[in-house]
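One structure below.
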Amino acid sequence: MRVKVKEVGPRDGLQNEPLFIQTEDKIAWINQLSKTGLSYIEVTSFVHPKWIPQLADAYEVASRIERVEGVTYAALVPNKKGLEGALAANMDEIAVFMSASETHNRKNINKSIEETYPVLKEVIDEAKRANKTVRGYVSTVFGCPYEGEVSIERIIAISDRLFELGIDELSLGDTIGVANPIQVQRTLERLLKQFPVEKMALHFHNTYGMALANVFASLQMGMTIFDSSLGGLGGCPYAPGASGNLATDDLVYMLTQMGIDCGVQLEPLTKAAQWIEEKIGRPLTSHHSHVVRGNA
């Protein structure tokens, strides 16, 4: 088995940081990540600066990073305007997003679920015309901060619609980190009957310390693509109580110890974590970072 680790720290990790990270520092950090063996880095989001001020420098960051052959550089876009910026910066992959929960979708995108599809279709069609691959994110798959449990039927319907619209891969998000291994396996059992496992990814948060357990449960179901953020950086600004993402360094450590190939080298990853830790001005939350600090 080979697992693909998709690093979302520069976007999902930094987007909610209160202290603005300087553009030069973002670029330098992404350049470090590019040399760790990671094959996928989500570098930024082309959203209006009013909504996410931390990523107001999206075009400058995306256009100035040092591209490494074999690494896919992706950006999240909310609409056609955002796509124009991402294409101008020559992103390799475009990511679109919506929620499985009606309330979260309205708070996140300011539209109903049905109103969101035409917007995404426009982005997906335009991205495809530009020969870009497209990734779809679905948030609150395992629970919503406003509505609680989300039905599997709704998740299947949304997933089906997104694939019909033309996405190449679907990432299922545990936005508030409430998933447990049994729930994950039951959800995947239903979804993998209808969608190819190689086109599905998982995006866990670690609110209750369950992210790695959920990865293990997913591995047993045949899943091989996982989103993570170095050091556990991140949290959804539209999901009260959402803490950091699954930490890349913890994930890579676990996979390596289990003898599962992910192609990522822990030593340069650790240095990149220590570097960004200094820039954000507080300790990272990953277990691996805690161990490294204790051994320093």
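Quick note: numbers below take in every heavy atom, side chains included, and nothing from hydrogens, waters or symmetry partners. As the structure is a computational prediction, the values presented were derived from the model and not from experiment.
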Is a side-chain donor-acceptor pair under 3.5 Å present for Thr248 with Ser228? yes
Quick one: do Arg154 and Glu149 make a salt bridge, cutoff under 4.0 Å? no
Is the shortest distance from a Lys or Arg side-chain nitrogen in Arg190 or Glu153 to a carboxylate oxygen in the other one below 4.0 Å? yes
Find the distance between NZ (Lys6) and OG1 (Thr72) and round it off to the nearest 0.5 Å. 7.0 Å
Using a strict cut-off of less than 4.0 Å between a Lys/Arg side-chain nitrogen and an Asp/Glu carboxylate oxygen, indicate whether Glu42 and Arg135 qualify as a salt bridge. no
When you check the gap from the basic side-chain N to the acidic O, do Glu126 and Arg129 get nearer than 4.0 Å? yes
Inspect the surroundings of CZ in Arg67 and state if more than 12 heavy atoms from other residues, nucleotides or ligands are less than 6.0 Å away. yes
Do the side chain of Gln185 and the main chain of Ala217 share a donor and acceptor less than 3.5 angstrom apart? yes
Under a 3.5 Å distance rule, please check whether Thr140 uses its side chain to pair with a backbone N or O of Ser101 as donor and acceptor. yes
Nearest-0.5 Å distance that lies between atom OH in Tyr117 and atom CZ in Arg161: 5.5 Å
Between Gln15 (side chain only) and Gly234 (backbone N and O only), is there a donor and an acceptor less than 3.5 Å apart? no
Note: Thr23 and Arg64 closest approach over all heavy atoms is CG2-NH1, 4.3 Å
Residue pairs fulfilling side chain to side chain donor-acceptor pair (under 3.5 Å) with at least one residue in residues 255-272, sequence neighbours excluded: Arg2-Asp261
Report the distance from atom CG of Leu251 to atom CG of Leu246, rounding to the nearest 0.5 Å. 5.0 Å
